[in-house]
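Atoms considered below: every heavy atom in the structure, side chains included; atoms not considered: hydrogens, waters and symmetry mates. Read the numbers this way: they start at 1 and go in the same order the structure lists the ligands and their atoms.
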Amino acid sequence: MFTRNLILKTSSLKPVERMVRSSAIFRPLVSRFIAGDSLEESLKACQTVLEKGIKVTLDYLGENTATEAEALAAKATYIQMLDRIATVPAFAAFTKNPPAGKIQADPLNISIKLTQCGLDQGEAFAEANYREVLSVAAKHGNFVRLDMEASDYTERTLAMIERVWPEYTNTGTVLQSYLYRTDDDLERMIAIGARVRIVKGAYLEPAAVAFPDKAKVDDAYVRQAKRLLTAGFYPAIATQDETIINELNTFVRKESIEKSSFEFQMLYGIRRDLQEGLVAEGYNVRVYVPFGDSWYPYFTRRLAERPANMMFMAKSLFKG
Ligand SMILES: Cc1cc2nc3c(=O)[nH]c(=O)nc-3n(C[C@H](O)[C@H](O)[C@H](O)COP(=O)(O)OP(=O)(O)OC[C@H]3O[C@@H](n4cnc5c(N)ncnc54)[C@H](O)[C@@H]3O)c2cc1C
């Protein structure tokens with residue numbers, strides 16, 4: 001956790017950001033995690049993923065818009081993504097013949113951020129943008145997930161889901177096991193039947209709100225994932241932690257939980273072997289595919305998760 005926090009702090013310094021953005025040395029690592037600058041480039045990457053029997057959630061990179069105009073432009077891109085996804089053959093085939101039952105494992109949906117919808121410019125403004133995106137998604141039979149951001153936004157994100165519910169049930173959010181509050185939040189989302197993606201948490205948080213100790217985060221993660229597997233609505237178990245995945249799969253078998261009632265999620269460019277292995281065992285797997293040129297904050301969170309990524313970069317820097 002110390003190294004992770006150090007990387008997050010250092011990378012937030014402007015000179016470091018300028019250096020990483022302008023240096024060609026970082027490009028190979030950036031393109032490992034980011035599917036391209038444009039929607040069309042990212043859809044090519046999605047196609048490769050879909051062909052392996054893996055589902056996708058597409059993310060237009062960017063967060064914390066500085067003006068209303070920026071937020072409106074992001075909303076327009078979200079809508080463009082939904083319109084374009086509706087023409088992707090795998091998605092069109094799914095909406096034409098949705099599988100029976102109430103669980104709809106859509107092959108290609110989107111993940112968005114409330115601060116990219118303009119939350120810093122005003123809650124009512126962000127809500128109006130979010131509702132517009134949800135209404136376009138509903139028209140196409142698609143699903144929109146609100147990613148979870150830093151803890152300043154947790155309550156506002158959950159309250160937003162509760163406000164649009166049940167007018168829009170084609171949405172859900174993410175809960176982070178590193179936050180002390182998450183057991184309670186989990187019950188809030190289970191109570192309304194919203195889809196939850198459970199993650200460990202990727203932001204720099206103070207000990208006042210989040211476990212500083214990784215072992216405690218892992219314990220909370222397993223407990224909360226099990227709760228979702230038994231009581232949640234089509235939960236997403238989002239982790240690359242193989243030990244945890246194995247433990248949860250043992251739990252699924254023991255409790256006779258249907259494999260179709262949940263999905264695993266992983267990030268683009270990480271543990272492809274694990275993604276494909278789970279598909280081969282009959283599990284639903286979805287990959288989070290980010291695109292766009294505002295990749296810096298997302299990229300630094302990926303570096304912080306695995307110091308080996310940082311070492312790889314440092315070595316390239318000295319070699320160069
Ligand atoms: C689909 C998806 C969506 C997410 N959405 C959010 C969100 O909305 N909000 C949020 O705060 N966080 C989000 N996260 C990030 C999450 O909070 C964690 O930071 C991230 O998943 C790393 O934790 P881990 O569970 O994989 O476990 P860790 O204990 O961090 O990692 C376990 C193992 O996975 C591999 N691994 C993990 N990360 C990397 C990496 N960057 N590069 C290479 N290998 C790696 C390594 O082998 C590592 O040992 C999301 C994660 C996923 C998979």
How would you list, by chain and number, the residues with a heavy atom under 4.0 angstrom from ligand 1? Arg32, Phe33, Asp147, Met148, Val174, Gln176, Arg197, Val199, Lys200, Gly201, Ala202, Tyr203, Lys214, Ala238, Thr239, Gln240, Asp241, Gln265, Met266, Leu267, Ile270, Tyr288, Arg302, Glu305, Arg306, Asn309
Report, as yes or no, whether the 6.0 Å neighbourhood of atom CZ on Arg272 holds more than 12 heavy atoms from other residues, nucleotides or ligands. no
Full working for ring-ring contact (aromatic ring centres under 6.0 Å, His included) between Tyr60 and Phe291: CA-CA 5 Å; Tyr60 171 52; Phe291 77 95; 5.5 Å; yes
Could you verify whether a donor N or O on one side chain and an acceptor N or O on the other, from Asp147 and Tyr288, lie under 3.5 Å apart? yes
Parallel, tilted or perpendicular: rings of Phe94 and Phe91 (30°, 60°): tilted
Quick one: closest heavy-atom pair of Met266 and Arg271, and the distance? SD-O, 4.1 Å
Answer with yes or no whether the side chains of Tyr78 and Gln116 bring together a donor and an acceptor at under 3.5 Å. yes
